[in-house]
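Everything on this sheet refers to the single structure shown next.
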Amino acid sequence: MGENACQESAYTVALRQYDSVADQLDVDPGIREMMRHPRFSVEVAFPVRMDDGTVKVFKGYRVIHNTARGPGKGGIRYHPDVTLDEVKALSMWMTWKSAVMGLPFGGAKGGVVCNPPELSEGEIERLTRRFTMEISDVIGPATDIPAPDVFTNPQVMAWIMDTYSTQKGCLSPGVVTGKPIPLGGSRGRTTATARGIVICIREAAKEFGLELGKLRVAVQGYGNVGSNVVSILHSYGCKVIGVADVVGGVYGEDGLDPKALTARLKETGSVEGTPGADSLSNAELLELDCDILVPAAIENQITAGNASRVKAKLIAEGANGPTTPEADEILSEKGVIVIPDVLANAGGVTVSYFEWVQNLMHYYWTEDEVHERLERIMTDSFAAVLNTAREKGTSLRAAAYNLAIMRVAEAMKLRGTYP
Ligand code: NAD
């Protein structure tokens, strides 16, 4: 964990990021103040019957930060460390992410304090159904649309959809995204976040004079995002020289083979010890001599403690919040280009948007159609952020926040104040 995690809450960091950009913008003071707060937060306590017959009480949250541009959108995480403060921060980041991408959504997030690895499938199903019931007046296809996050998956989304539809008395696939394909999930969702990251890397390479096929890349995290980034970049001819997960990492000067990494992961649960590769720690991975670094694991990895030793020319943030504000300043002084999370990893929420649209139309697209539409939105958003950074002379992160805050503020101004 970086220094921020110890000193500042996630919501304090989110406010600091917001204030630093909003202070420079010409935004009505009332609107500026409103964007600092979630529109509303729900905290629930609810009982779940456990497999041994006892009843356990769980705490859950759903926070809607802003709905000026459309319904709330954001995942539900199941984790022992979930707090209202964290959910509030994550909901605010979702508002900016939706706005940067030009999606007609606001920002929201939810969470339940629990530890899924210790729960049976039946307990997770009962917990999910009861939590859904508790927040069923908040969520809905036109009000707030959850999605998977840490320790929640397409099956959990299927249970949310079924519970909500049963309660409301009509099939409502648009109440959640990230569903299994037979229940209205979108083709192309699984690889969408990685595809978006690679599109950003490709556009940045063009812009900053790097040759895509010759890039040397390091990737932290080999889950959904990291493993797909590795295999797509490998197919473009890039050399992935380092990969690490929670257990450990591997290094190969001539490039690692994605098939060997995935085989090792399947066999042992980690990429550590992949045959033919040298071993590497997470700390070493982040400081590897490479062109591109993709942190795709957890938050607070690049901090004031290691930023000065980062050698990558470009960082594409796959994870949410992998770089602390202090590290950002150090990287900027060193001339390292950072493609911020709200842009780089927004391919996932973009295809979630496509899923919602397909659900509302009851008309489903081919995988190629999904890829083509994602390509268009990602390249347009990347160009808009880059142009803003150029115009204002700021980092890509400040430019993304600038665009997002101005778009949300404009929608709030047009809607006016009720009554
Ligand atoms: P995942 O659970 O599939 O994979 C996480 C990976 O990170 C695993 O390889 C795990 O071993 C590794 N990891 C966990 N803790 C680590 C640590 N302390 N040090 C090094 N490695 C560690 O998750 P994912 O879906 O790939 O998501 C990764 C990140 O991307 C998260 O921050 C998530 O919020 C973000 N993200 C994901 C999506 C998506 O569509 N999946 C969309 C936007 C953002």
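All of these numbers come straight from a predicted model, not from anything done at the bench. Numbering of ligands and ligand atoms starts at 1, following listing order.
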| query | Taking the six-membered ring for Trp, are Phe151 and His79 parallel (under 30°), tilted (30 to 60°) or perpendicular (over 60°)? | reply | parallel
| request: Starting from atom 18 (N) of ligand 1, locate the nearest protein heavy atom and write down its residue, its atom name and how far away it is, to 0.1 Å. | output: Ile298 CD1, 3.4 Å
| Of the listed options (Gly318, Gly348, Ala344), which comes nearest to atom 36 (N) of ligand 1 when hydrogens are ignored and any heavy atom counts? | Gly318
| request: Could you tell me which atoms of ligand 1, counted from 1 in the order shown, lie closer than 4.0 angstrom to a heavy atom of Gly221? | output: 6 (C), 7 (O), 9 (O)
| Can you find a heavy atom in the side chain of Leu343 that is under 4.5 Å from one in the side chain of Leu396? | no
| Matching residue for Arg202 among Glu211, Glu375, Glu207 - test: salt bridge (Lys or Arg N to Asp or Glu O under 4.0 Å) | Glu375
| Those atoms of ligand 1 less than 4.0 Å from some heavy atom in Gln220 | 19 (N), 20 (C)
| field | Parallel, tilted or perpendicular: rings of Tyr18 and Trp96 (30°, 60°) | value | parallel
| remark: For Asn359 and Lys179, the nearest pair of non-hydrogen atoms, with its separation, is OD1-NZ, 2.7 Å
| said: Is there a salt bridge (charged side-chain N to carboxylate O under 4.0 Å, His left out) between Glu355 and Arg187? Walk through the geometry before answering. | reply: CA-CA 8 Å; Glu355 179 175 336; Arg187 289 180 176 79; over 6 Å; no
| task | Would you kindly specify which portion of Glu317 sits under 4.0 Å from ligand 1, judged on non-hydrogen atoms: side chain, backbone, both or neither? | result | neither
| query | In ligand 1, which numbered atoms sit nearer than 4.0 Å to a non-hydrogen atom of Asn320? | reply | 32 (O), 34 (O), 44 (C)
| Looking only at protein heavy atoms, which one is nearest to atom 9 (O) of ligand 1, and how far off is it? | Tyr222 N, 2.8 Å
| said: So that I can tick it off, tell me whether Lys168 and Asp137 are bridged by a salt bridge, with the cut-off set at under 4.0 angstrom between side-chain N and carboxylate O. | reply: yes
| said: Between Asp19 and Arg36, does any side-chain N to carboxylate O distance fall below 4.0 Å? | reply: yes
| task | Measure Ala346 to ligand 1 on non-hydrogen atoms and call it side chain, backbone, both or neither using the 4.0 Å cut-off. | result | neither
| said: Suppose we measure from atom 4 (O) of ligand 1 to each protein heavy atom; which comes out shortest, and what is that distance? | reply: Gly223 CA, 3.2 Å
| request: Distance to 0.1 Å, residue and atom name: give those for the protein heavy atom nearest to atom 20 (C) of ligand 1. | output: Asn282 OD1, 3.2 Å
| request: Find all atoms of ligand 1 within a distance of less than 4.0 Å from any non-hydrogen atom belonging to Arg189, and give their numbers and elements. | output: 40 (O)
| field | Closest non-hydrogen atom pair between Ile64 and Thr143, with its separation | value | CD1-O, 4.5 Å
| task | Tell me, with the steps shown, if Glu118 and Lys56 meet salt bridge (charged side-chain N to carboxylate O under 4.0 Å, His left out). | result | CA-CA 13 Å; Glu118 287 173 2; Lys56 211 171 152 192; over 6 Å; no
| message | Would Asp289 and Arg216 count as a salt bridge (charged side-chain N to carboxylate O under 4.0 Å, His left out) here? Give the steps. | response | CA-CA 8 Å; Asp289 189 2; Arg216 287 153 48 84; 5.1 Å; no
| Charged N to carboxylate O under 4.0 angstrom, Glu367 versus Arg189? | no
| Exercise check, heavy-atom protein proximity under 4.0 Å to atom 2 (O) of ligand 1 | no
| said: Among all protein heavy atoms in this structure, tell me which lies nearest to atom 32 (O) of ligand 1, with the distance rounded to 0.1 Å. | reply: Ala297 O, 3.1 Å
| query | Just to confirm, does any protein heavy atom lie below 4.0 Å from atom 26 (O) of ligand 1? | reply | yes
| message | Test of understanding: given a 4.0 Å heavy-atom threshold, classify the contact between Val246 and ligand 1 as side chain, backbone, both, or neither. | response | both
| Shortest protein heavy-atom distance from atom 23 (O) of ligand 1, along with the residue and atom involved | Asn224 N, 4.5 Å
| atom 28 (C) of ligand 1: which protein heavy atom is closest, and how many Å away? | Ala296 O, 3.4 Å
| said: I need the contact type for Val225 against ligand 1. Using non-hydrogen atoms and a strict under-4.0 Å cut-off, is it side chain, backbone, both or neither? | reply: both
| request: Tell me which protein heavy atom sits closest to atom 42 (C) of ligand 1, plus the residue, atom name and distance to 0.1 Å. | output: Thr193 OG1, 3.3 Å
